[in-house]
Every structure is written in C-alpha cells, then in structure tokens.
Amino acid sequence: MISIIRLTAVAALSAFTLAVATPAQAQNNVMRVVPHSNLAILDPIWTTAYMSRNHGYMIYDTLFGTDENAKIKPQMVESWTESGDHRLWTFKLRKGLEFHDGKPVTGEDVIASLQRWGKRDAMGSGLFQFVQRMDSPTPDTFRIFLGEACGFVLEALGKPSSNVPFIMPKRIAETDAFKQIEEHIGSGPFTFKKDEFKPGDKAVYLKNTKYVPRSEAPSGTAGGKKVYVDRVEWNLALRDAQAQVNALQKGEIDIIEQLPFDHYESVKADTNLQVPKYANLGLQYMARFNHLQKPFDNVKVRQAALAAMTQEPFLRAQVGVKSLYRTCASMFICGTPYGSIVGSEIQAKSNMKKAQDLLKASGYDGTPIVIMKPTDLASIQKLPDVAAQLLRQAGFKVDLQAMDWQTLVGRRAKKDPVEKGGWHMFLTAWNVFDVWSPIANPTMDTRGEKSGWFGWASDDKLIELRNQFMRATDEPIKKKLADQIHARAFEIATHAPLGEYDQPMAAGKNVSGFFITNGNIYWNLKKN
C-alpha cells in the first residue's frame, strides 16, 4: 500500500511539474510570424504571389533546390543521369518521401505535378516545348524524354521562386492548371492546419514529424529542411507597421517578414531585436502594362509610359534608406550573368520632356489609365502613387484604384475590359531568381493570351530570340542572345523595371538559425 501511495504521489508531482513547464515550452515551440501580406490563394501553381509561394515551401517539397550561390542541388532526387545526346534524363527519388496522408511519393506524382506546373510557369512552359513525353518505369523513378537538347533542365526543376515546381499527389496535380486546387497535401517539412486557417486572420503549420530531411546544411532552397519548432503561426491580421514593431518589441511575435523601411533604423538600434541577413541578392520593382487593353495595346503609348517612369523617384519614395536601394537599367538584375543595359536608353536616359513628346506622337486618346494600388502591402504600396504622378506629368489621365493585395492578385488575372473589372497597370516586386534569366523572367514570355503571366505581351521576335536562348548551351552565345532579348523587351516596352532594393526582416534576439535563402523560409529556425 505504501508503494502504491508513493507511486501515486510521484505521478501527481510529475504531472504538476509537466503542467507548470508546458506554457514556457509551448512558447518556445511556436514560431509567430507576421508575413508580408494576407494569404488568400493556397495554390502556389495558380499564382506567382509570394505569399502562395511561401505557403508552398511550408507544405510541399521540390525535386531540386537552388543554394545561396545559385547552384542547383538535389532535394527530393537522390541521383540522376543524362544521355550522351542530352535528350533522356532519368531521375531516382530518395528514400523516405511520404505525403502527409501517409502515401509514398512516386514518379507518377512527379509527372503530374510537372505537367500542371508547365502550363502556368514561364520557365516550365519553356521546358515543355522540348518535352516529348515522361514516364515512371518504377515507383521511385521518372524519366523525361526531350525532342531535342536544351540547356536548362535542372535549372527549371530547381527553380526557387514564383511558380515553383512543387510536387503534389497525382490526384491533386491532375486539377486543371487554370483552376485552383482544393486539397493541400504535400510531402514537405510542415503540414497545413486547414481547420485553423482564417484568411485575413491566421494560417497555422505543424511540424511534419515523418519528414526525412537531407543531411546537408541548409542553403537557399537546398539542403536539410530540419524543423525545430512544433508550430508556425502566421499572423495575417496585424497589418499596421507600428503595431507590428510594437508587438515584436513586446515579444508577442517573433518575426516580421518584411520590416517597413520607415522602422529600419529604430529596429536596427534596438538591442533586444535583430535585422538578420537572409539574402545575398535583392529584389526588383516593376510596373507591368496590360498589353490587351487600350491604350496599352499600342506600343508607342507603352514606350511613353516607360520613358516617364524613371527609377529614382520610386526608390526614394518607397524605400527611402539610401543604403537599401540602387537604380539599375537592367531587366535581368545588375551584377548577374545576364545583367545588361543594352537597349535601356528609352528609360535610363529619358526625361519628362521626352516622355511627353512620345505620348503626343503616340496618338493617345485620353483613356484613363487604371492603376491598381495595394493598401496592405507596405513594401510596394507607395509605388502606384509615384507612377500616377509621373504618368500625369507625362500627359496621361490616371485612375488610381485602391484595394488589398489579394484582391489585386485576383483581379490582375482577369482579361476583361477595364469597364468590366479589368485593369491597365499594377506594380510589384520580384526576387532576383524570378527575373535574372530570359527564361525564368515571366515578362519575356510574349505568347500573348497563351502566356502564363498577367499582362499578356505579344511579340513573335522576342519568342524566337527566347527559343534560341533555350537551345543554346554555349555561355558566350547565351549572353549575346540575352542582350538581344533585353533590347527587344525595351523596344516593345514589355514592362518598366523600377530599380533594385534589399528588403529587411526583423526578429527577436531569441530567434536563431537564419541562413541565406533569398526568400522567406521557416525551417532551421529555433527559439531560445
């Protein structure tokens, strides 16, 4: 009887101790993040929105990753071979890959996922111009048969941003590429808590305890995806910049994904906070024209708009911190292999008088230009105001329409006339890996309404140059073609590049494990 009493007392004490310890442990096992925007679209293949991309990286995995030095590294793939004529690629999946529903990842899942991605992504559609067929001779193997050799197979499969080739179960990946998926099951390091998801409020992800990470150190989107917290919560409701900083200082949140530029200096000076380095390369601002709608169906009108939008006013207004921005005349990012200024004079060496003269010569009929302005995305919300001011100075009439970012993302997919909910222009920001290559850069896909990205530019010459680039394997030839593509894109005014910048992140000093990702990724992070 005494032994039973003692055992009961010990058990009670242990239970009490556990109950007391649980709140503190729970705090350390939950990473609370304020992302840069609301999460409304859960299909990362259907949209290029970075919130959907970030959601994708939480729950899906990729065949390859791109490390911090822009090198392609295997992720879900264990090994691969390439035939001597470069037309047959055979890939073997690594062991331990399992979807969140308990089913193993197979080559059939991979094939269906790649086929759907190839219908939406600029680089994916480029790759599938060469793909004759794919098959899966064994469950852990898949093969890609090319009609002719091309020089970017691994680069496409390891594409790190925007429309990432995430791998989904076959039954989900077979969803029409132009309809959103309804199930959200991947094989990645986190599982999505659909029952706790509230758009505009919160999104919750749990550690996938069955996930088998690679052994390499994390780098970019490659390496081991080790998870050290049980739960990641995205606070989608906290949109006010000052409120975000206040919450970070009080320890109510752990990370501000995009620290507003106005608060950069004060947070940097706070000894209880940190501004961690997570990127080697910056981002590019961009104004995209809708080539389907008058007056931007007229190349001369687009040229006038391009000439009006010099970069410095955008960077000064939106970023303000001189050390965080720089002008750059390249659509392919300055300092990268294809960085070029060829043909950029219409914008880089323009002035307002030149823009006004171009507009007068274009035959512009006074149609108001509808610019969509996001009200809840601090990193770009000042850009539309600057664009409106510059275009008005050039002689355009402008209709600046405010909306939240997710509404903008939905509306920009519409090809309807402006009077029926369409648009003329929106402004956005791109990660360097999304725009540094003529293949990856979605604005270079000029197949008109067949192209995957919003704006739907149409130009046969640019299509031909881009096709030549895809086939090229010699770097000097690729560089020469990239210059020609760059010049042609400026000539037809596909869009307006608006300069480059570094986007700071903020976190509490108790968060560690940040590494160079050139994006927003939440594995490898710990709370002390």
Visitor: Mark yes when over 12 heavy atoms from residues, nucleotides or ligands other than K415 sit less than 6.0 Å from its NZ; otherwise mark no.
Guide: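 Atom NZ in K415 is packed in, count exceeds 12.
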Visitor: What's the verdict on ring pair (Phe, Tyr, Trp, His ring centres under 6.0 Å) for F190 and Y522, showing C-alpha distance, side-chain angles and the deciding distance?
Guide: CA-CA 10 Å; F190 296 91; Y522 294 106; 8.3 Å; no
Visitor: Counting the benzene-type ring for Trp, do F514 and Y278 have ring centres under 6.0 Å apart?
Guide: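 Judged by ring-centre distance (under 6.0 Å), F514 and Y278 do not meet the cut-off.
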Visitor: Suppose we screen for ring pair (Phe, Tyr, Trp, His ring centres under 6.0 Å). Which residues come up paired with Y325, at least two apart in sequence or across chains?
Guide: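 So Y325 forms no ring pair (Phe, Tyr, Trp, His ring centres under 6.0 Å) with any residue.
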Visitor: Is it true that a side-chain atom of D483 and a backbone atom of V342 form a donor plus acceptor pair closer than 3.5 Å?
Guide: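 Absent.
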Visitor: To the nearest 0.5 Å, how far apart are CE in M425 and NE2 in H495?
Guide: 12.5 Å
Visitor: Looking at K349 and E345, is any side-chain nitrogen of the basic one under 4.0 Å from a carboxylate oxygen of the acidic one?
Guide: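 Salt bridge absent between E345 and K349.
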Visitor: Do the two ring centres, one from Y205 and one from W234, sit under 6.0 Å apart?
Guide: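 Ring centres of W234 and Y205 closer than 6.0 Å.
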Visitor: Is it true that D61 and K225 make a salt bridge, defined as a side-chain N closer than 4.0 Å to a carboxylate O?
Guide: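 Yes, D61 and K225 are salt-bridged.
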Visitor: Are R326 and E500 close enough for a salt bridge, meaning some N to O gap below 4.0 Å?
Guide: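 Yes, charged N to carboxylate O under 4.0 Å.
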Visitor: Under the ring pair (Phe, Tyr, Trp, His ring centres under 6.0 Å) rule, what do W523 and Y228 come out as? Steps first, then yes or no, please.
Guide: CA-CA 7 Å; W523 54 82; Y228 297 105; over 10 Å; no
Visitor: Is any side-chain heavy atom of L97 less than 4.5 Å from a side-chain heavy atom of R94?
Guide: yes
Visitor: Could you tell me the separation between the OG1 atom of T47 and the CG atom of L42, rounded to the nearest 0.5 Å?
Guide: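 Answer rounded to 0.5 Å: 11.5 Å.
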Visitor: List the atom of E78, the atom of K95, and the distance in Å for their closest heavy-atom pair.
Guide: OE1-N, 4.2 Å
Visitor: With a 6.0 Å cut-off on ring centres, are H486 and Y338 close enough?
Guide: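 Here the rings of Y338 and H486 have centres that are no less than 6.0 Å from each other.
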Visitor: Suppose we screen for disulfide bond (SG atoms under 2.5 Å apart). Which residues come up paired with C150, at least two apart in sequence or across chains?
Guide: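 Residues passing disulfide bond (SG atoms under 2.5 Å apart) with C150: none at all.
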Visitor: Please examine the side chains of F91 and L157, heavy atoms only from C-beta on, and report whether any two atoms are closer than 4.5 Å.
Guide: yes
Visitor: Is a donor on one side and an acceptor on the other found under 3.5 Å between the side chain of R466 and the backbone of I439?
Guide: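 Looks like yes, one N/O pair under 3.5 Å.
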Visitor: Evaluate F64 against W80 for ring pair (Phe, Tyr, Trp, His ring centres under 6.0 Å), listing each step before the verdict.
Guide: CA-CA 11 Å; F64 291 84; W80 69 97; 5.1 Å; yes
Visitor: If you count the non-hydrogen atoms of other residues, nucleotides and ligands that lie under 6.0 Å from NZ in K479, is the total more than 12?
Guide: yes
Visitor: How far apart are the closest heavy atoms of E155 and W436, and which atoms are they?
Guide: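 So the minimum-distance heavy-atom pair works out to OE2-CZ2, 4.5 Å.
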Visitor: Any side-chain donor-acceptor pair under 3.5 Å between T48 and N163?
Guide: no
Visitor: What are the two closest non-hydrogen atoms of M309 and A287, and how far apart are they?
Guide: CE-CB, 3.9 Å
Visitor: Would you please indicate yes or no on a ring centroid separation below 6.0 angstrom for W89 and F152?
Guide: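 Centroid separation for F152 and W89: 6.0 Å or greater.
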Visitor: Does any donor atom in the side chain of T175 or R116 lie under 3.5 Å from an acceptor atom in the other side chain?
Guide: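 Note: T175 and R116 side chains miss the donor-acceptor criterion.
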Visitor: Give a yes or no on whether a salt bridge exists between K353 and D357, defined as a side-chain N under 4.0 angstrom from a carboxylate O.
Guide: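 Here K353 pairs with D357 in a salt bridge, since their nearest N and O are under 4.0 Å apart.
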Visitor: Between E265 and K268 (salt bridge meaning N to carboxylate O under 4.0 Å), is one present in this structure?
Guide: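 No, no charged N to carboxylate O under 4.0 Å.
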Visitor: Between F166 and W46, does the ring pair (Phe, Tyr, Trp, His ring centres under 6.0 Å) criterion hold? Intermediate values first, please.
Guide: CA-CA 12 Å; F166 292 118; W46 191 82; over 10 Å; no
Visitor: Considering non-hydrogen atoms only, spot the tightest contact between M286 and L498 and give its length.
Guide: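 Nearest pair, atom of M286 first, then L498: C-CD1, 3.9 Å.
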Visitor: In Å and rounded to the nearest 0.5 Å, what is the CG to CG distance from D460 to N467?
Guide: 10.5 Å
Visitor: Would you please indicate yes or no on a ring centroid separation below 6.0 angstrom for Y501 and Y285?
Guide: yes
Visitor: Any heavy-atom pair between the side chains of I485 and F332 that's under 4.5 Å?
Guide: yes
Visitor: Examine the side chains of D502 and Y264 and answer whether a donor and an acceptor come within less than 3.5 Å of each other.
Guide: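 Note: D502 and Y264 side chains miss the donor-acceptor criterion.
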Visitor: Using a strict threshold of under 4.0 Å (side-chain N to carboxylate O), is an ion pair present between K461 and D459?
Guide: no
Visitor: For the atom pair OH (Y60) and CD1 (I167), what is the distance rounded to the nearest 0.5 Å?
Guide: 11.0 Å
Visitor: Should the pair R87-E148 be classified as a salt bridge under the 4.0 Å nitrogen-to-oxygen rule?
Guide: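 No salt bridge links R87 with E148.
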Visitor: Using a strict threshold of under 4.0 Å (side-chain N to carboxylate O), is an ion pair present between R488 and E491?
Guide: yes
Visitor: Establish, for the pair K478 and F469, whether the NZ or CZ atom is under 6.0 angstrom from the six-membered ring centre and no further than 45 degrees off its axis.
Guide: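 Cation-pi check for K478 and F469: passes.
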Visitor: Any side-chain to backbone donor/acceptor pair from D376 onto W405? Under 3.5 Å, distance only.
Guide: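 Between the backbone of W405 and the side chain of D376 there is a qualifying donor-acceptor contact (under 3.5 Å).
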Visitor: Measuring only between side-chain heavy atoms, which start at C-beta, is I256 closer than 4.5 Å to M505?
Guide: no
Visitor: Measuring from atom CG of L408 to atom CG of L377, what distance do you get when rounded to the nearest 0.5 angstrom?
Guide: 9.5 Å
Visitor: Quick one: are P165 and L63 in side-chain contact, heavy atoms under 4.5 Å?
Guide: no
Visitor: Compare every heavy atom of G107 with every heavy atom of L93, then report the nearest pair and how far apart it is.
Guide: CD1-N, 4.1 Å
Visitor: List the atom of A305, the atom of F296, and the distance in Å for their closest heavy-atom pair.
Guide: CB-CE2, 4.1 Å
Visitor: Quick one: are V131 and Q115 in side-chain contact, heavy atoms under 4.5 Å?
Guide: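 A side-chain contact under 4.5 Å is absent here.
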Visitor: Could you verify whether a donor N or O on one side chain and an acceptor N or O on the other, from Q258 and S379, lie under 3.5 Å apart?
Guide: yes
Visitor: Cation-pi between R302 and F289: NZ/CZ under 6.0 Å from ring centre and within 45° of the ring axis?
Guide: no
Visitor: What's the spacing between T428 OG1 and R412 CZ if we round to 0.5 Å?
Guide: 6.0 Å
Visitor: If you define the side chain from C-beta out and look only at heavy atoms, does anything of Q406 sit under 4.5 Å from S37?
Guide: yes
Visitor: Are W423 and I371 close enough that some pair of their side-chain heavy atoms sits under 4.5 Å apart?
Guide: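 No, side chains not in contact.
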Visitor: Return yes when atom CD1 of I341 has more than 12 non-hydrogen atoms of other residues, nucleotides or ligands closer than 6.0 Å, and no otherwise.
Guide: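 No, the 6.0 Å shell around CD1 holds no more than 12 heavy atoms from other groups.
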Visitor: Tell me whether K73 is salt-bridged to D67, with the criterion being a basic N under 4.0 Å from an acidic carboxylate O.
Guide: yes
Visitor: Any side-chain to backbone donor/acceptor pair from S161 onto F433? Under 3.5 Å, distance only.
Guide: no
Visitor: Please determine, by modelled atom types, if E257 and H36 share a side-chain donor-acceptor pair under 3.5 angstrom.
Guide: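 On atom types as modelled, these side chains qualify, holding a pair under 3.5 Å.
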